[in-house]
Novice: 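Shown below is the structure under consideration.
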Amino acid sequence: MSTYLITGANRGIGLEFARQLKNRGDDVIATCRSASPELNSLSVRVETDIDITSGESVMKLRENLNDLKVDVLIQNAGIAEFNSLSNLDPQSIVNQFEVNALSPLCCVQTMLSQLSKSAKIALISSRMGSIEDNSSGGSYGYRMSKVALCMAGKSLSVDLKPRGISVAILHPGLVSTRMTGFTSNGIQPKESVKGLIKRIDELTIENTGTFWHANGEILPW
Ligand code: NDP
């Protein structure tokens, strides 16, 4: 049994992480800005008022944990605003960079002292953050923020390897959540998270710093 901390756990993929991990007997600390009825019904520890862009609220989270150690930190919270070239919104691009790239990195740094020996960190990035895989263009803010998150993950994997902490950079697949307008082309959170948990289970210090699809495929940078 391990202790997992998940950001953005009130809905979508984060909520499903909390559900599946709780169901298999792990301890879950679900963080969110506001809890949802679905999250409250899971009987996991819920930490509310955690906005990942606020250093103060992440510090508060760390204080609330006291000496509780986290074995797996899942940086899941994210936003997507699809900026096209003809409709660039610089502020939207900055916001996505802050939420999707900079804040997960700062959260990891703040939570480092809370991580157990040989802990794991999972950064939920996106295939849209792959440069080599980009054949459709557009989505400037989202793509730029997720490629930055991939780079943060790679550097973290190098820097934390001597401490025995491993890092996975993960793509959930195209998933039917609010972010994707509950697309009917996507898979359900249940299927995505089943794969994501398998990837985290298989993460070791030897394969740290890899960019995986939830289905196990290794993705190009
Ligand atoms: P949702 O939009 O359903 O959920 C996003 C979650 O992030 C919500 O819990 C939201 O909380 C939280 N969040 C957003 N901003 C903040 C913030 N500043 N502080 C704290 N929490 C915040 O999306 P998904 O579940 O689909 O996405 C989860 C992750 O998976 C994201 O990182 C996304 O980029 C990634 N992803 C998703 C894909 C998909 O197809 N769905 C594909 C590739 C990657 P609140 O309710 O308070 O807004």
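Start at 1 and go down the list; that is how both ligands and their atoms are numbered. One is the number of the first residue; the rest follow in order along the sequence.
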Novice: So which residues, sorted by chain and number, lie with a heavy atom under 4.0 Å of ligand 1?
Specialist: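 Around ligand 1, where the cutoff is 4.0 Å for heavy atoms, the contacting residues are Gly8, Asn10, Arg11, Gly12, Ile13, Arg33, Ile50, Asp51, Ile52, Thr53, Asn76, Ala77, Gly78, Ile79, Val99, Ile124, Ser125, Ser126, Tyr142, Lys146, His171, Pro172, Gly173, Leu174, Val175, Thr177, Arg178, Met179, Thr180.
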Novice: Which one of Ser103, Ser126, Pro104 satisfies the side-chain contact (heavy atoms from CB on, under 4.5 Å) criterion with Leu149?
Specialist: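 Of the listed options, the one satisfying the test is Pro104.
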Novice: Is a donor from one side chain sitting under 3.5 angstrom from an acceptor on the other, for Asn83 and Ser92?
Specialist: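 There is such a pair between these side chains.
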Novice: Which word best sums up how the rings of His171 and His213 line up, parallel for under 30°, tilted for 30 to 60°, or perpendicular for over 60°?
Specialist: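 It falls in the perpendicular class, over 60°.
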Novice: Passes side chain to side chain donor-acceptor pair (under 3.5 Å), Asn10 versus Arg33? Steps please.
Specialist: CA-CA 8 Å; Asn10 57 327; Arg33 293 191 281 199; over 6 Å; no
Novice: So, Asn76 side chain and Thr7 main chain: donor-acceptor pair closer than 3.5 Å or not?
Specialist: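 Yes, Asn76 side chain to Thr7 backbone: donor-acceptor pair under 3.5 Å.
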Novice: For Asn95 and Glu81, which I'm curious about, is there any donor-acceptor pair between the side chains at under 3.5 Å?
Specialist: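 No, Glu81 and Asn95 have no side-chain donor paired with an acceptor closer than 3.5 Å.
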